[in-house]
Amino acid sequence: MLKVYNTLTRKKEEFVPQEPGKVGMYVCGVTPYNYPHIGNARPFVTWDVIKRYLRNRGFEVKHIQNFTDMDDKIIKAANTEGVSWETITERYIEGYFKSIDALNVQRADLYPKVTEHIPDIINMVQRIIDNGFGYVIDGDVYFSVEKFPEYGKLSGRKLEDMQAGARVEVDSRKHNPMDFALWKSAKPGEPFWESPWGKGRPGWHIECSTMSLKYLGETFDFHGGGSDLIFPHHENEIAQSQCCCGDYKSFAQYWLHNGFITIDNEKMSKSLNNFITVPDILKQYPGEVVRFFILRTHYRSPLDFSEERIKEAQAGLLRLKNAFELGNEILEKAGNTEKDTQLEEIAEKAMADFYEAMDDDFNTALAIGFMFTLSKEINTYANNVINKGTDFDAVHFGKLMQVYKDMAAVIGIFESSLEMPEADDGEGISPEEIEALIAERAEAKKNKNWGRADEIRDSLKAQGIILEDSAAGTKWKKA
RNA sequence: GGUGACAUCGCCAAGUGGUAAGGCCAAGGUCUGCAAAACCUUUAUUCCCCAGUUCGAAUCUGGGUGUCACCUCCA
């Protein structure tokens, strides 16, 4: 039974889809005005695993993720550089895709953009006004929070408490300081669209309400993003959507929010300027390592970033991958057909443990722990076969490896090389040359010419090639 | 000021009432010509502090301390 922690109710709940066997999920995407930093990457890796797991369990998943490609920050960036806003958004949308591809994040089913949904947004704003929840002032349209009795239910705040703490200069035209813009009138020189209220553009929040409604319907299963979106973004989305559709039970049923990535225990954010971008970290570590680093911690916990911890993740991932390769190696051997019931038990137990962990609010940290346990079993078994030439149950070992592979597919690892991209630039030594040197070294070893053998090994190591001897011969890999 | 989260081995981290998973690092051992990889062993009678509930608490309650976050753009 899958349980998820729902921010709306503040507890773990059994997941019951709106439609049996199907899942609709809307994940808040990025505002493309900059390259994503690793804090931005966390929700995308997290939701990627959620999606992979749900699909693994047989759900048909529809995943929608927006681009908020019209916003103050985009206009500002365009003005600063003296280019059009389209230049900015195109550049960073491309940057976004490059980043998540490197992190092995599978693409969403659709990436709707605000600027391609202006008529839908205008229509929704009009419906909200018609229902009595919105009001127009000088070309701006505001949502009246006092009209919505459930305002604050997601973030657990009371309107009164928030008013007490409000400290930005309040637009005195607003009925309530917490009222937020559905539609903003255009200032001179700003991009705009024609609307019933004059030239303007959508406010922040409305795009997610509109596009989730359009592609997932009035009621769908999951909505998520980083914890900082709980208020005001998601709170406002709820208000807009429910007041548009006139049913306080509609909209997303399960709200999942990931914790922050911190640096020196402080939130990584663009405004604090203490962030590390995904493109930058990818210059030093393979995407899969960054991904693994994120998934080693439960998605709701804070995660502190440091060089040391990413190195730890790298060491751990390498361990898992070594077992994967070792296991695959003996699968190439014939084996026998004698049934090894112990192998079968190990495989079943591992799968059950893994599912149990993932069923508990997508506990990847625990699930990965079970992968380590299984990797030990694989190493022990495979080493025994290789070193002692023992006969083995190929069928059941194959099944065990399949379990390991299935786990890896949910976590999204072993799917790309752990080598750094630049190592593949055609520079350096070719595989043929390496093989030739290994052959020469084998000959030297045969003649007990240890000096030459070690010389070859050291020289390859200096070029980033690691040799591993075993009874079955010598393997090589890049460091 | 309001609201919420968190505090578990040197480091990271799982664990929400039944007697502390796992990873990294370290030490010793096995294997190896030597390495590497792998495997074995060792490493928290203890979970920030105090009090309480309970047969039993890291897990529940109350209080304290510390850290972080949201209330303003933020994943």
Side-chain angles (χ1 to χ4, degrees), chain A residues 7 10 12 27-31 33-34 36-47 71-73 76 152 155-158 160-169 178 204 224-233 235 257-262 265-272 275 292-293 296-298 300-304 306 308-309 311-320 322-323 325-326 353 357 360 363-373 375-376 378-380 382-384 386-387 445 448-451 453-454 457-458 461 466-471 474-477:
Chain A
T7 306
R10 279 140 214 273
K12 280 185 199 169
V27 180
C28 282
V30 295
T31 299
Y33 72 103
N34 206 333
H37 59 63
I38 56 175
N40 297 129
R42 191 177 193 187
F44 306 122
V45 170
T46 298
W47 283 95
D71 165 276
D72 290 346
K73 296 186 287 290
K76 195 178 161 198
S155 53
R157 298 158 207 269
K158 295 190 183 88
E160 308 87 75
D161 296 340
M162 290 189 282
Q163 285 167 358
R167 62 173 160 89
V168 266
E169 74 277 26
M178 295 311 296
W204 182 42
S227 323
D228 49 359
L229 294 182
I230 294 172
F231 192 90
H233 187 55
E235 192 71 61
H257 294 95
N258 59 276
F260 299 126
I261 289 185
T262 57
N265 283 321
E266 290 225 307
K267 182 184 171 187
M268 184 183 294
S269 76
K270 286 174 183 166
S271 45
L272 288 176
F275 59 91
F292 192 69
F293 161 76
R296 281 170 73 219
T297 302
H298 184 91
R300 279 191 284 117
S301 302
L303 172 57
D304 200 48
S306 75
E308 191 191 344
R309 277 161 213 151
K311 285 210 163 87
E312 248 181 64
Q314 189 166 33
L317 180 58
L318 187 63
R319 181 183 184 76
L320 291 181
N322 280 340
E325 283 167 2
L326 191 66
D353 284 344
D360 185 12
N363 192 337
T364 54
L366 222 206
I368 286 170
F370 291 127
M371 284 196 75
F372 278 106
T373 306
S375 76
K376 191 166 284 188
I378 290 168
N379 282 328
T380 303
N383 274 327
N384 211 30
I386 289 171
N387 294 328
K445 280 174 68 178
K448 298 206 189 312
N449 183 356
W450 309 126
D454 291 349
R457 187 171 62 200
D458 292 345
K461 192 178 178 188
I466 305 286
L467 297 188
E468 289 178 11
D469 295 334
S470 77
T474 299
K475 284 192 296 179
W476 67 272
K477 64 181 180 191

Nearest-Å distance once atom P is located in both B:G52 and B:A58: 15 Å
query: Hey, does A:G39 reach any base, or is it just sugar-phosphate, or nothing, if we go heavy atoms under 4.0 Å?
result: base
- prompt: Is any side-chain N or O of A:R457 under 3.5 Å from a base N or O of B:A35, one able to act as donor and the other as acceptor?
  reply: yes
query: Is the side chain of A:R309 donor-acceptor paired with the backbone N or O of A:F293 at a distance under 3.5 Å, no angle test?
result: no
message: Would you say A:K270 places a side-chain N or O within less than 4.0 Å of OP1 or OP2 belonging to B:A75?
response: yes
message: Tell me the interatomic distance from A:F231, atom CZ, to B:A75, atom C1', rounded to whole angstroms.
response: 17 Å
query: When rounded to the nearest Å, what value does the distance between P atoms of B:U72 and B:U54 take?
result: 45 Å
message: Do A:H298 and A:D360 have side chains that approach each other closer than 4.5 Å (heavy atoms only, starting at C-beta)?
response: no
query: Hey, does A:H257 reach any base, or is it just sugar-phosphate, or nothing, if we go heavy atoms under 4.0 Å?
result: nothing
task: Find out whether A:F275 and A:N40 are in side-chain contact, i.e. whether some heavy atom of one side chain is under 4.5 Å from a heavy atom of the other.
output: no
field: Separation of the P atoms in B:U61 and B:U53, to the nearest angstrom
entry: 15 Å
field: Exam field: side chain A:D304 to backbone A:N265, donor-acceptor pair closer than 3.5 Å
entry: yes
message: Please classify the nucleic acid contact of A:L229 as base, sugar-phosphate, or nothing, using heavy-atom distances under 4.0 Å.
response: sugar-phosphate
- prompt: Distance between the P atoms of B:C11 and B:A51, in whole angstroms?
  reply: 26 Å
query: Is A:W450 stacked on the base of B:G33, with ring centres under 5.5 Å apart and planes under 30° apart?
result: yes
message: Would the distance check show the side chain of A:N384 and the main-chain N or O of A:T380 forming a donor-acceptor pair, the cut-off being under 3.5 Å?
response: no
- prompt: Quick one: is B:A69 close enough that its OP1 or OP2 comes under 4.0 Å of any side-chain N or O from A:S269?
  reply: no
- prompt: Minimum heavy-atom separation for A:C28 to A:L229, with atom names?
  reply: CB-CD1, 3.6 Å
message: Any N or O donor-acceptor pair under 3.5 Å from the base of B:G33 to the side chain of A:D454?
response: yes
query: If every non-hydrogen atom of A:P43 is compared with every non-hydrogen atom of A:N258, which pair is closest and at what distance?
result: CB-OD1, 3.2 Å
statement: Correct closest heavy-atom pair for A:F231 and A:S155 would be CD1-OG, 3.4 Å
query: Counting any heavy atom closer than 4.0 Å, what does A:F370 reach on the DNA or RNA strands: base, sugar-phosphate only, or nothing?
result: nothing
- prompt: Atom CG of A:D304 to atom P of B:C24: distance rounded to whole Å?
  reply: 20 Å
query: Could you give the NZ-to-C1' distance, from A:K76 to B:C73, as a whole number of Å?
result: 10 Å
task: Please determine, for the side chain of A:N363, which listed nucleotide (B:C12, B:G15, B:A36) has the closest atom?
output: B:G15
- prompt: For atom C1', what is the distance between B:C47 and B:C60, given to the nearest Å?
  reply: 16 Å
query: Nearest nucleotide by nearest heavy atom, which residue falls closer to the 5' end of RNA chain B, A:G259 or A:L366?
result: A:L366
message: Check this for me: does any side-chain nitrogen of one of A:R457 and A:D454 sit under 4.0 Å from a carboxylate oxygen of the other?
response: yes
- prompt: In whole Å, what separates the P atom of B:U19 from that of B:C40?
  reply: 24 Å
message: Without decimals, in angstroms, what is the distance between A:D161 CG and B:C70 P?
response: 18 Å
- prompt: Between the base of B:C24 and the side chain of A:R309, is there any donor-acceptor pair under 3.5 Å?
  reply: no
- prompt: Think A:K267 has a side-chain N or O under 4.0 angstrom from the OP1 or OP2 of B:C70?
  reply: yes
- prompt: In whole angstrom, what separates A:E160's CD from B:U3's P?
  reply: 12 Å
For atom CG of A:L303 and atom C1' of B:C68, their distance in whole Å: 14 Å
message: Using a heavy-atom cut-off of 4.0 Å across all strands, would you classify A:M268 as base, sugar-phosphate, or nothing?
response: base
message: Can you give me the dot-bracket string for RNA chain B, 5' to 3', counting Watson-Crick and G-U wobble pairs with both distances under 3.5 Å, using [ ] for crossing pairs and | for partners on another strand?
response: ((((((((.[[[..)..(...]]].(((((.......))))).....[[[[[..)....]]]]])))))))....
- request: Check if the side chain of A:D469 and the base of B:C34 share a donor-acceptor pair of N or O atoms closer than 3.5 Å.
  value: yes
message: Using whole Å, what does the distance between atom C1' of nucleotide B:C73 and atom NZ of A:K73 come to?
response: 5 Å
query: If you find the nucleotide of RNA chain B closest to A:A365 and the one closest to A:I261, which residue's nucleotide is nearer the 5' end?
result: A:A365
- request: Let me know the distance between CZ of A:R157 and C1' of B:A69, rounded to the nearest Å.
  value: 10 Å
task: Indicate the atoms forming the closest heavy-atom contact of A:G225 with A:W47, along with that distance.
output: N-NE1, 3.8 Å
- request: State, to 0.1 Å, how close A:K445 and A:A453 come at their nearest heavy-atom pair, and which atoms those are.
  value: CG-CB, 3.8 Å
query: A:N40 has a side chain; which of B:C12, B:A75, B:A13 sits nearest to it?
result: B:A75
- request: Looking at every strand, decide which applies to A:S301 at a 4.0 Å heavy-atom threshold: base, sugar-phosphate, or nothing.
  value: sugar-phosphate
message: Can you check the distance between B:A13 and B:U8, where both ends of the measurement are the C1' atom (answer in whole Å)?
response: 9 Å
task: Write down the distance separating the C1' atoms in B:C9 and B:A27, rounded off to the nearest Å.
output: 16 Å
- prompt: Is A:E312 paired with A:R296 through a side-chain N to carboxylate O contact shorter than 4.0 Å?
  reply: yes
Produce the list of close N/O pairs, under 3.5 Å, pairing protein atoms with atoms of nucleotides 38-44 of chain B; give distances to one decimal.
| from | atom 1 | to | atom 2 | distance (Å) |
| --- | --- | --- | --- | --- |
| B:A38 | O3' | A:N379 | ND2 | 3.1 |
| B:A38 | O2' | A:N383 | ND2 | 2.4 |
| B:C39 | OP1 | A:N379 | ND2 | 3.3 |
| B:C39 | OP2 | A:R319 | NH2 | 3.0 |

